[in-house]
Amino acid sequence: MDKLKILVVDDEARMRKLVKDFLVRQDYEVLEAGDGEEALKVFYENKDIAVIILDIMMPKMNGWEVCKEIRDSSKVPIIMLTAKGDESDELMGFNLGVDEYVTKPFSPKILVARVGAIIRRTSQNDTDEVYEMDGIKLDKSAHLLEIDGEVINLSFKEFELLSYFMENAGIALSRDKILDNVWNYDYYGDARTIDTHVKKLRNKMGKKGELIKTIWGMGYKFDVKK
């Protein structure tokens, strides 16, 4: 069986080596890039990349620019690395379709755990499940969302979130439960992460976004009248 490919993009060779060493121990194949332009070159030459670990501050093209271009053609999971702890940076990353956000300095073991969690969730989504409700059709195996026949492009995490909502239609879901099931146990985030993704998801779904109801003081419910 071929090893899963992880692309590590950082202009610091020391950082790339640190992350690579931990990933190789888990039997991943690691591809490297030292700047944004090189990252895109490697990405286009390797269409079977499982996860991208992407730094923000880089020469030639920064992480935001790389992420935006990749998202134009791919839903490959992206973990963004940054030395900044600014909330606006985190929100920008999620708006561009980043799936996880890790602030330096970080534990390489935790980073590798997040890579593993994303890959497990991606594998779990490789099923024949299709959900159809109120003009919404979500095909998990094809990673495809159609609303009234129109294809809607979602990021990996937005797709997972909507899948979870539709699987639990009519059930009030707490933010903690959503974090546990969509972001998994190894995510050290808070409710703002969920709220940001729900806002983006509602916007992309247009009028159908109103089906995602806010349960004040608790969380959300996907409310479809049967």
Side-chain angles (χ1 to χ4, degrees), residues 50-52 67-80 87 90-101 114 117-187 189-226:
V51 178
I52 298 174
C67 179
K68 189 173 185 302
E69 181 160 338
I70 288 174
R71 277 290 171 262
D72 285 342
S73 62
S74 172
K75 296 180 176 67
V76 60
I78 296 175
I79 299 176
M80 191 71 88
E87 180 182 318
E90 187 169 348
L91 292 175
M92 180 183 293
F94 287 139
N95 287 336
L96 286 175
V98 172
D99 300 286
E100 301 279 2
Y101 195 96
R114 292 192 183 186
I118 282 180
I119 289 172
R120 285 193 300 275
R121 295 198 298 272
T122 304
S123 299
Q124 289 167 2
N125 282 345
D126 189 18
T127 70
D128 293 330
E129 291 178 279
V130 177
Y131 296 93
E132 295 190 60
M133 303 174 189
D134 198 12
I136 301 170
K137 180 180 179 180
L138 184 142
D139 185 333
K140 294 186 72 172
S141 62
H143 199 92
L144 179 68
L145 172 67
E146 293 183 15
I147 295 180
D148 295 331
E150 179 184 353
V151 175
I152 307 297
N153 290 317
L154 300 181
S155 71
F156 175 76
K157 192 62 66 180
E158 290 162 356
F159 190 88
E160 281 197 319
L161 183 58
L162 182 57
S163 297
Y164 186 61
F165 283 149
M166 294 183 74
E167 289 164 8
N168 295 278
I171 300 173
L173 303 166
S174 70
R175 286 177 172 83
D176 285 343
K177 195 166 185 178
I178 296 169
L179 274 176
D180 286 344
N181 286 274
V182 179
W183 275 262
N184 216 316
Y185 65 89
D186 61 350
Y187 181 76
D190 58 28
R192 291 176 305 178
T193 299
I194 299 172
D195 296 340
T196 298
H197 279 78
V198 167
K199 183 178 179 180
K200 281 281 290 181
L201 185 55
R202 281 172 170 161
N203 288 339
K204 289 186 177 182
M205 293 176 67
K207 289 287 289 182
K208 300 295 185 184
E210 297 173 2
L211 296 173
I212 304 174
K213 307 292 188 184
T214 299
I215 309 298
W216 296 109
M218 180 188 176
Y220 297 94
K221 178 170 71 170
F222 191 75
D223 195 11
V224 179
K225 293 182 174 56
K226 308 232 177 179

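Nothing fancy with the numbering, it's 1 onward along the sequence.
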Exercise for the section: Answer yes or no: is there a side-chain heavy-atom contact under 4.5 Å between R202 and E210? Expected result: no
Fill in the blank from the handout: The reported gap from OG in S174 to CG in N181 (rounded to nearest 0.5 angstrom) is 9.0 Å
Practice task
Would you check if E158 and L162 make a side-chain contact, meaning some heavy-atom pair closer than 4.5 Å?
Solution key: no
Handout entry: CG on L201 to CG on L161, rounded to 0.5 Å
Key = 5.5 Å
Fill in the blank from the handout: When rounded to the nearest 0.5 Å, the distance separating CD1 of I152 from NZ of K204 is 9.5 Å
Fill in the blank from the handout: Output for pair (R175 CZ, Y220 OH), nearest 0.5 Å, gives 4.5 Å
Practice task
State the CG-CD1 distance between D176 and I194, to the nearest 0.5 angstrom.
Solution key: 7.5 Å
Exercise for the section: For the residue pair L173 and F165, establish whether any side-chain heavy-atom pair is separated by less than 4.5 Å. Expected result: yes
Problem - Check: R71 side chain, S155 main-chain N or O, donor-acceptor pair, under 3.5 Å - result: no
Completion exercise
Hits for side chain to side chain contact (heavy atoms under 4.5 Å, CB included) against K208, two or more places apart or cross-chain, chain-then-number order -> D134, I136, I147, D148, M205, L211
Completion exercise
For H197 and V98 the tightest heavy-atom approach is NE2-O, 4.2 Å
Exercise for the section: Please assess F159 against L138 for the test side chain to side chain contact (heavy atoms under 4.5 Å, CB included), listing each intermediate value before the final yes or no. Expected result: CA-CA 9 Å; F159 190 88; L138 184 142; 3.8 Å; yes
Practice task
Flag yes if more than 12 heavy atoms outside K177 fall under 6.0 Å of its NZ atom; otherwise flag no.
Solution key: no
Fill in the blank from the handout: Separation between CG (D139) and CD (E132), nearest 0.5 Å, reads 9.0 Å
Handout entry: Student check: side-chain heavy atoms of F222 and E167 closer than 4.5 Å
Key = no
Problem - K75: partners by side chain to side chain contact (heavy atoms under 4.5 Å, CB included), with sequence neighbours left out - result: H143, N153
Exercise for the section: Taking D99 for its side chain and I79 for its backbone only, find out whether a donor-acceptor pair lies under 3.5 Å. Expected result: no
Exercise for the section: Identify the heavy atoms of P77 and A50 that sit nearest to each other, and give their distance. Expected result: CD-O, 3.3 Å
Exercise for the section: Identify the heavy atoms of A172 and K221 that sit nearest to each other, and give their distance. Expected result: N-CD, 3.9 Å
